[in-house]
Structure formats: structure tokens, C-alpha cells
Participant: 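Handing you a structure now.
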Amino acid sequence: MHLTATTQFGLEELLADELYDLGADITHVGSRAVEFIGDLRLLYEVALWSRLSMRLLRPFAAFYAPDEKALYREVSRIDWQDFLGPGQTFAITAVVNRSTFEHSLFVAQLTKDAIVDQFRNRTGERPSVDTRNPDIRLHLRMTENEVILSLDAAGDSLHRRGYRQGTNEAPLNEVLAAGLVLLSGWDGKQPLIDPMCGSATILTEAGLMCQRIAPGLFHQGKFGFENWYDFDPQLWQQVRTEAEAQRLEEPQAYLAGSDLDPKVIDAAAANITAAGLEDCVRLSVRNVRDAAAPAKEEPGIVLMNPPYGERIGEEAQMAALYKTIGDSLKTNFQGYNAFVFTGNLEAAKSIGLKPARRIPLFNGPIDCRLLKYELYRGSRREPKPAEGPAKN
């Protein structure tokens, strides 16, 4: 079957690598999406194992719809009894780009009307819409009036892992956190330190990686494909059992996080416990200026997502915070590679280090950069060569 996994901007190539490693035949890497071919087993494995997919879609219809009549007519031509069983509820998620239709909600409503009218005309009954927890979630993407209709295999965004018990004010979503860990080049064995860990999403995603825990095992409720006509419960159970057997109990890497607020650390601890990682991640209450590398570990990775300071009048406060971050990195993490993910590039200048890399990403609508700093031990300057033989 043809499948599409969507992701966040900047993570497409990482997602393609992840899908390839799972056995996918990659056919196209686009903006925020990767198209591939696979069978039911692969579909189930991607739902369980993908750390970078937001949605997992199974396209089944494509057509051009220049206006309302054409959209209604083309949707009506599909035999919806192939996708919706008696008594099943459904919902439609619509995404509209550069089209004559301005509102995705209107497109979703018109599509819903065409489906409901077909059932009413054929059977005298209409299926119910359930926007919160439908049996079948349909995904409609319209770009320049070209429409692709898909079944949503997860039924909900895959970034909602299910382990999150509590969050701070502006948590990273889990897919982005996993992407940051992978972009850092962390090998799953080195120490990984987050000295501004918030609700510990970065550390939790890193822990799931190195302990070989499939993130889909935490999914709440059914996956969307469990309500499809070709769902294979035995194969699904087999794939789940194989995933559960992959888990490593012994901690594989030194993972540690800290934050200034004890309540935030309590929430982080609850998330880590819910993910089964309480023996793998160390947490402490600490100011970022006091964060330090573990004495008995080889240098590794520092990865953090400090506040961006979006409120008016916070510029001086943010500059001071980012200067503190820079001072802490220079003093306490020599030999490490540090990564700061931020949407405040002006404040980031106060870190006082020259980035070795600047990777463009988004956190929601915020244009961000993942900044890499190489923290050399001592001075980077090479000693000057001797100017000739010493004179007697």
C-alpha cells in the first residue's frame, strides 16, 4: 500500500531514514512529509516505532476540485461503504493550501455532507460524526485545488505519546523533542544533559531511544487502523509483542536534567515514571548557572530549550538569562557539544559563543534555530612552533 507520514519542518530527512530502517520503500521526501510503500506489518510497526511521524496516512483517492460542485461531486463518486461500516462514526481533518477555497472547515463540512448524503440515499440512514473520538478519521489535503483523501492510521497525532502526566507552560511536542535529540548526533551511549529540562520531554524521548522502547506502546485508546475493514488483530498483537520484547531494562546512558522550579521537576518526574524511565533519568532542582557535567562520565551532549521571552519588555531579562547559559556552558561543560534550541535569536547572541551550526526548525508557529556550540577543553589556539634551534 502507498502511505504518507507527516512530520515537522526540518525533520523530513531524519524521518525518511527512520522509515527506511523500519523497511519502508521511500518514494518521495517532500516538505513536512515522506511518501513510502509498505504492507500492513510495516504500517503497524511505523505506528509503534516512529518517533518523528505526526500523522500516518493511507491515501485512497485523488482528484481536482476547482469549485464547490466539483468537490461534492468527486467525493460522492467514492463508494464510502468500502471505508465506513454500519454504525461507525467518522470525522474529517482538512488542510487547505493555495486553493480557491479559503477555509479548511468549509471543505471538511462539504466533504462530510457528500458522504452523509450518499449513505442516506442508499440505506436511509446516515453515519454519525464524532470529532473527538471517531472510529474512522479521514484526512483531506487540498493544494492548489488538487485533493488527496486518506485514512488516518493513528486516528490522532502520533506526537501525543500518552506518557505525559503534566507539562510546564510551553512544552515541546514529543516529535520535535525526538528530532532535536537525533539532530544533536547523540549516539545513545554518551551522557545527555538538559539543564533547563522543564517537563523533561527531551530526556524522556532520549530515554525511550536508548532503552529501545517503542513510543506507540503508550498510545491511549485504539489506533485508527484498528477500526479499518482490513485490520488484522493477530498480526497487530504479534507486532506489539515483538516491540515489547525489544526493551532494554539496564540503563544505557547517563541522562540528567535540572530546572529551577521544584513543581516543574515534580511534573517531569511524573512523566518519566509514566514512560517507565525512572531508573534511567536523574532529576534535580538547580539554576542553570550551577549546572555541571557529571564528574565520572566522558563528555557528551548538552541539549536545552530555554524560554524565548515572548512578552513585551522581557528583552533585558532574556539577554541576562542567555548570558548565564553561555557562562555555564563555557565554565562547566568543557569538552561537550552543546545545543540550544531557541526562537529568540537576538537573546542567543548573549550566549557569547560562535555557533558551529544553525539548524532551522519551527516550534509551533515560531521560527527557531537549533544552535550547536563546540565547547573545547582549554584554549583552541595551537601552541606556536619553536622559531629555530635553541642557542647555547
Participant: Identify the two heavy atoms, one from Cys197 and one from Leu283, that lie closest to each other, and give their separation to 0.1 Å.
Facilitator: SG-CD2, 4.1 Å
Participant: So, for Gly309 and Asn344, which heavy atoms are closest and what is the spacing to 0.1 Å?
Facilitator: O-ND2, 4.4 Å
Participant: Quick test of your reading: applying salt bridge (Lys or Arg N to Asp or Glu O under 4.0 Å), list the pairs with at least one residue in residues 38-53, sequence neighbours left out, ordered by first then second residue.
Facilitator: Arg41-Glu45, Arg41-Glu242
Participant: Please state whether the rings of Tyr163 and Phe218 are parallel, tilted or perpendicular, taking 30° and 60° as the class boundaries.
Facilitator: perpendicular
Participant: Taking the six-membered ring for Trp, are Phe223 and Trp236 closer than 6.0 Å centroid to centroid?
Facilitator: yes
Participant: Could you check whether Arg247 pairs with Glu244 (Lys NZ or Arg NE/NH1/NH2 to Asp/Glu carboxylate O, under 4.0 Å)?
Facilitator: no
Participant: Quick check on Lys330: does its NZ atom have over 12 non-hydrogen neighbours (other residues, nucleotides or ligands) under 6.0 Å away?
Facilitator: yes
Participant: So Leu172 and Glu205, do their side chains get closer than 4.5 Å, heavy atoms only?
Facilitator: no
Participant: Mark yes when over 12 heavy atoms from residues, nucleotides or ligands other than Gln246 sit less than 6.0 Å from its CD; otherwise mark no.
Facilitator: yes
Participant: Please determine if Arg369 and Asp367 form a salt bridge, counting it only when a charged side-chain N lies under 4.0 Å from a carboxylate O.
Facilitator: yes
Participant: So that I can tick it off, tell me whether Arg289 and Asp327 are bridged by a salt bridge, with the cut-off set at under 4.0 angstrom between side-chain N and carboxylate O.
Facilitator: no
Participant: Measure from the side-chain N and O atoms of Glu297 to the backbone N and O of Tyr254, and report whether any donor-acceptor pair falls under 3.5 Å.
Facilitator: no
Participant: Under a plain distance cut-off of 3.5 Å, with no hydrogens placed, do Thr201 and Arg164 share a side-chain donor-acceptor pair?
Facilitator: yes
Participant: Would the distance check show the side chain of Asp259 and the main-chain N or O of Gly198 forming a donor-acceptor pair, the cut-off being under 3.5 Å?
Facilitator: yes
Participant: When you measure from the side chain of Asp25 to the backbone of Ile37, do you find a donor-acceptor pair of N or O atoms at a distance under 3.5 Å?
Facilitator: no
Participant: State whether a side-chain donor-acceptor pair under 3.5 Å links Arg141 with Ser150.
Facilitator: no
Participant: Under a plain distance cut-off of 3.5 Å, with no hydrogens placed, do Asp117 and Ser76 share a side-chain donor-acceptor pair?
Facilitator: no
Participant: Please check this pair: side chain of Asn145 against backbone of Thr100, looking for a donor-acceptor N/O pair closer than 3.5 Å.
Facilitator: yes
